[in-house]
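Have a look at the structure below before the remarks.
We use all heavy atoms of the structure for the numbers below, so side chains are in, but hydrogens, waters and symmetry mates are not.
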Amino acid sequence: MEGNTPKNTSDHVLDVRNLNVRIKVPAGTLHAVTDVDFHVDRGETLCIVGESGCGKSITSLAVMGLLPRSATMTADKLTLEGRDLLSVTDRQFADLRGDRIGMIFQDPMTSLNPVYTIGNQMEEVYIRHGKGGRKEARERAIYLLEKVGITAAASRLGQYPHQLSGGLRQRVMIAMTLMCDPALVIADEPTTALDVTIQAQILNLLKELQDEFHMGLIFITHDLGVVARIADRVAVMYAGLVVETGNAEQVFSAPMHPYTQGLLECIPIPGKTVRGSQLGSIPGIVPALIGEQEGCLFRNRCSYAREACTDGEIDLETGGDQHGYRCVLTPEETVNHIKKAPNAAVAE
Amino acid sequence: MGYFLLRRLAISLLVAITVSVIGFSLLRLSGNLAESLAGEDASPAQIAETAKAYGLDRPFHIQYFDWVTKALQGDLGQSLFTKEPVIELITDRIGTTIQVACYSLLLSLIIALPLGVLAAMKQNTWIDRSALSIAVFGQAIPNFWFALILIWVFGVLLRWTPISGTDTWRHFILPTITLSTFAMPQFMRLTRTGMLDVLESDYIRTARAKGLSPAVVLWKHGLRNAILPVVSLAAVAFGFLLGGSFIVESIFALNGIGYLALESIQRQDFPVVQSIVVFISVVYIGLTLLSDLINAQLDPRIRLH
Amino acid sequence: MTEQTQTPTSQYVLECRDVSRTFMIGRGPFTEKRPLRAVQDISLQVRRGEVLAVVGESGCGKTTLAKMLLGLLEPTAGDILYEGVPISSVDRRDVARRIQPVFQDPYSSLNPRKTLAQIISLPLDVHKIGTPAERKARVEEIMELVGLPRRLLYSYPSQLSGGQRQRVAIARALAMKPEILVCDEPTSALDVSVQAQILNLLQELRDELNLTYVFISHNLAVVEHMSTRVAVMYLGRLIEFGMADQVFDHPRHPYTQALLDSVLTPEPQYSLPNIAMGRGFPNPLNPPSGCAFHPRCPHATELCQWAQPQPLAADGGTVECHLHSDPDAMAKSPRINEQKASAA
Amino acid sequence: MAPNDTAKATATWNGASADDFEVDAPSPGAVMRRRARRHLGLIIGGTVVLIAVICALFAPLIAPFDPYDQELTRKLINPIWGKGGTWTHPFGTDALGRDLLSRVIYGTQISLTIGVLAATLAGVIGSTLGMIGGYFGGRVDAVIMYLINCKLALPPLLVALSVVSVFGGSIPVLILVMAALFWDRYAVVTRAATQQIRSNDFVTAAEAVGCSKTRIILREVLPNILNQIIVIASLEMALAILVEAVLSFFGLGVQPPTPSWGLLVNEGRQYMFFKPYLITIPGLAIFFLVLSINMMGDGIRDITAPEGRN
């Protein structure tokens, strides 16, 4: 089943063009995700970063075909290994989930079913996708548990989730996702619920596994520190839109969108930020995304806002270097602003 | 598990003792028991004699221990009215009561579980709304009145079913339906809310992300978790069905312990009443114990504590 | 309000002397209860106007310590002193006037059935401070102080954003003009941009009101930015304590080192740190022998397996590690975690 | 907050500044009113309950006849939709010639009195126990759980029947018996709710401020579980009305000639095969009142539920 997928013109594992998600809520229609484009290649890590409510998790659920019933999704293109996900039936989509595309969730404490053993839950996905019988499933599970660094893997199979610590459960989740050797793994804040020392271990593990299994990885997080360390490419989301995209170097070292700049100024960097100094901050709050939106959605919080920001759509300008941002400012203007900005927090 | 069992048993025993004290006190509520035993026209001397004969002149706790000791040996005293041993009265009739209670429990579950699951899956659709409406209506119907209406419609107007007695299975149809209107709505609502909670949980999302079919997600990952509270309720409901059986038994003339209890209450036959009350309580306690054990078996988090 | 003038009864505004708290964990009369040593022998000192950061992983006893500092839990051993006076000898309500909490979750820390005015004036109502009019004036004053517009006075928490709620929580804590705020992860439930707003606000308030903070956090970057003193906890013990510059620039305990290494800053030129540490946080009910950190420590030796290191005073702080108490003995004692370290 | 330059610069374009917060979310009260206006069950249930309350309060003004007046010459007249029905007696008359409509109207007094008082009294008992158990936990909670378990083990209807048969079926006795037998659900729910509320930081904050435990329970916990208590109260009220009907039907509740609905069904029972309206009308009265109270309770639960579901 895998391997036979027709090679498309693009070798992107996942290709998303113009993804829109609308959710019906009591107050109206929530524009959760608007005009989102991205793609992931094998062996590549794309980080989608943004604050709560920016649409990053909804984006991932849309790609997984797991949106809530109240949500509707439209896209110009949504392909997984060249296969069009917009035209598949629910049944066919389910065949792909867990097989070609896997997902790791934020809270390892609640993401495993408490009443079934680890082994049962790991083997189930293998058998479901017709990879083999119970025996092979068991062998594969043991192999992967060892891969994710769990000792005495065979005996762990008989344990229940509540008998494991959070870090171990997240390792189990990762192993379970890899049971069918997927081409793409989506990790939604997989380390947020874990302690910092465990976080580094899990991130290292994900990178190692990605190298070994050569899968595409979409990593969703709010933590810019994590993004900087693991991303090949970054998409910064704000209010349902990708406002800036590029490789990690471009986005972190030369951020072009005022929102990205603002976010980076908010974070104290040991050794760079003067201790006890005032941090940069973004005033105001995220707008409610109910109903049609006009103009730049960041303008209410932006220190460079001008009349041009108030109407029409602002496109994601992508230069030849793949560094794109959704802002009316020209690159020159932005660079000038950065120079002029009162950057007290950052010591030279 | 051993510890869990031990603790659970200890609590059950404590509750059983308390309930038996309350049940025993019920008998003494009636004022002077010796007076009613001796008969209406008894003289004070006769009453005192009766009190002595029945041991009623002893302190309350002595009488209680005496009663418990005898009860544990199967001697629940004798009926004031028929003079038969209470234990025989109960054992003769318990079968009918348990039969009706089991049928009703079964009928309730057969209707409520699928309906509850369906309602949760199709939340806010017409299926969900009608399921909820059935529950609301069922809860509001006065049982005794519903029984009369059933008799009138199906027994008298349509002549489909017999309206009293226990001779054939058809005699149990109306009593079972009547009693089910009590338990069914509760099961339905509990299954529905349990299922709704479970369907929103992270592990269901994980199961769907694994590509499992909707049926596996629902029946394997959903129901097992949603069923936990229903098991507990089943035990509680069975206890209530036993305790509420007098309504249908008296209306449909089923010769069960409920009818016996009602008659005994009306005749002020307190040895019988207290025995039945304590009997039902003890059955209830045993059932909740059982349901906790089943739950512990279904839920490894409890099992391993 | 009694404005506490500098009464130098003690050079420290807050001090812990060998504070321990043990919980007995058991499930009833039939099992033996087991002690959970949530906090063990903690000694630390804070001067007025300082920010004491308490860091460590979840389950290390940070929150238990905070509850004891607030007077909500009694230590099973040791003393907590407030300006040299033991808290145990002070009335509960006087403690409340001097030290107030700010919590992590701005959603659970505000009563959803009350208006902001009611929430912020609760301390004043309970302590019967001022007339109703004075209380209202005070509430408005504090709201302005923490950057909440006056028109929110009769709003409910559900109408506010996370950052606004955290401002309300800070306002409530400040209502009685306490000297110390215990901030338990005050920004970890907030978005980055809001976190910066709240941290800035806390800094401003500290300067303006000469407040002392006990700042509990797992975010080392934030801690490094905010603190003047740092206490690093591991499994209930204070394994390193000292001035922020000292601890951050020259961490001495291997655990502190690991914590600092695990901070991920938005600097793409660096890659992921390799934390050579065993992966399990031990079960607090069944702590490892000797130094509790030894199963995860890359430098652990046989000595660490059986000997509990004692706090060693140096550079105005303390450290609990055999590496520093007896480097020679450590060098002689065989290393035990080398395999584990290379495997991780 | 200290105003900063960038915020000022921004203000010219969009009127926003650092301390300019939008509050467009409606208050909890407004949310509740908005939901209530759209909740059909609540509206219908509430209306019927309101009508019942009016009937109970103004029974002498509304009822066309004295409910106790016997007129043997006018016995067993069919209701208006039956053969020989007249507008004088829209619901017909009973075997003693009493006007059924008047008896049903007066019956609301009994049902509502017993329902409201029994549910309230049971609510006070149960909620107090539940909140104390949930708040203090430990041994106190163990004792309260034990009380709840003992209560649950007793078959409530049989015990009620026994007690009423001893003390006689007066309305005060019925109320007290039901209050003593139906507090368990309040206790179970408030206990669980209190445990959940207690884990919230605002309770810890109140403790840290120096609030007394009583104040915390009454001022911090109670307002947050009041809606749940009200919902249970509606269920218990409906239950009390049903139980009163059962007891009266078996002749052990309210005594004749008081026009209790259960008693009306009992009295009509011997004529039910040829005068079915004698049992259908009072039975439907019980059914509709109980149904409406339950619908109202469900409605209150829905409109006070936190955001999310529905």
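Heavy-atom distances place both the backbone and the side chain of B:Ile251 under 4.5 Å from chain D. For D:Leu152, the parts lying near chain B are the backbone and the side chain together; criterion is any non-hydrogen pair under 4.5 Å. In this structure, chain D has no heavy atom under 4.5 Å from any part of B:Arg267. Contacts between D:Asn149 and chain B at a heavy-atom distance below 4.5 Å involve backbone atoms as well as side-chain atoms. Both the backbone and the side chain of B:Ile141 have a heavy atom closer than 4.5 Å to some heavy atom of chain D. Proximity to chain D is limited to the side chain of B:Val156, based on heavy atoms less than 4.5 angstrom apart. Neither the backbone nor the side chain of B:Leu132 comes within contact range of chain D; no heavy atom of the residue lies under 4.5 Å from a heavy atom of that chain.
Counting heavy atoms from C-beta on, the side chains of D:Leu157 and B:Phe240 never come closer than 4.5 Å. Proximity of D:Leu158 to B:Ile265: side-chain heavy atoms (C-beta onward) are separated by under 4.5 Å at one or more points. Under the 4.5 Å side-chain criterion, counting only non-hydrogen atoms from C-beta, B:Phe270 is in contact with D:Ser165. Looking at heavy atoms from C-beta onward, D:Pro155 lies in side-chain contact with B:Val277 at the 4.5 angstrom threshold. Side-chain contact between D:Leu154 and B:Tyr284: absent, with no pair of heavy atoms (C-beta onward) separated by less than 4.5 Å.
Aromatic pair B:Phe137/D:Phe287: ring centres closer than 6.0 Å.
Separation of atoms CH2 (B:Trp145) and CG (D:Leu264) is listed at 13.5 Å; rounding is to 0.5 Å. One distance of note links CG of D:Leu161 with CD of B:Gln266; it measures 8.0 Å at 0.5 Å rounding. Considering OG1 of B:Thr18 and NZ of D:Lys151, their distance stands at 13.5 Å, rounded to 0.5 Å. The CZ atom of D:Phe249 sits 11.0 Å away from atom CG of B:Asn143, with the distance rounded to the nearest 0.5 Å. Atom CZ of D:Phe250 and atom CZ of B:Phe246 lie 5.5 Å apart (nearest 0.5 Å). A distance of 12.5 Å separates CD1 of D:Ile293 from CD of B:Gln139, quoted to the nearest 0.5 Å.
Listed options B:Ile149, B:Leu262, B:Val273 were ranked by heavy-atom pairs under 4.5 angstrom with chain D; first place goes to B:Leu262. Of the listed residues (B:Leu14, B:Leu148, B:Ile11, B:Val19), the one with the most heavy-atom contacts under 4.5 Å to chain D is B:Leu148.
In summary, of the residues considered (D:Ile241, D:Val243, D:Val265, D:Ile286), a side-chain contact (heavy atoms from CB on, under 4.5 Å) with B:Pro142 occurs for D:Ile286 alone.
The nearest pair of heavy atoms linking D:Gly262 to B:Phe144 is CA-CZ, 4.3 Å.
The number of heavy-atom neighbours closer than 6.0 Å to CZ of B:Phe154, taken from other residues, nucleotides and ligands shown, is 12 or below.
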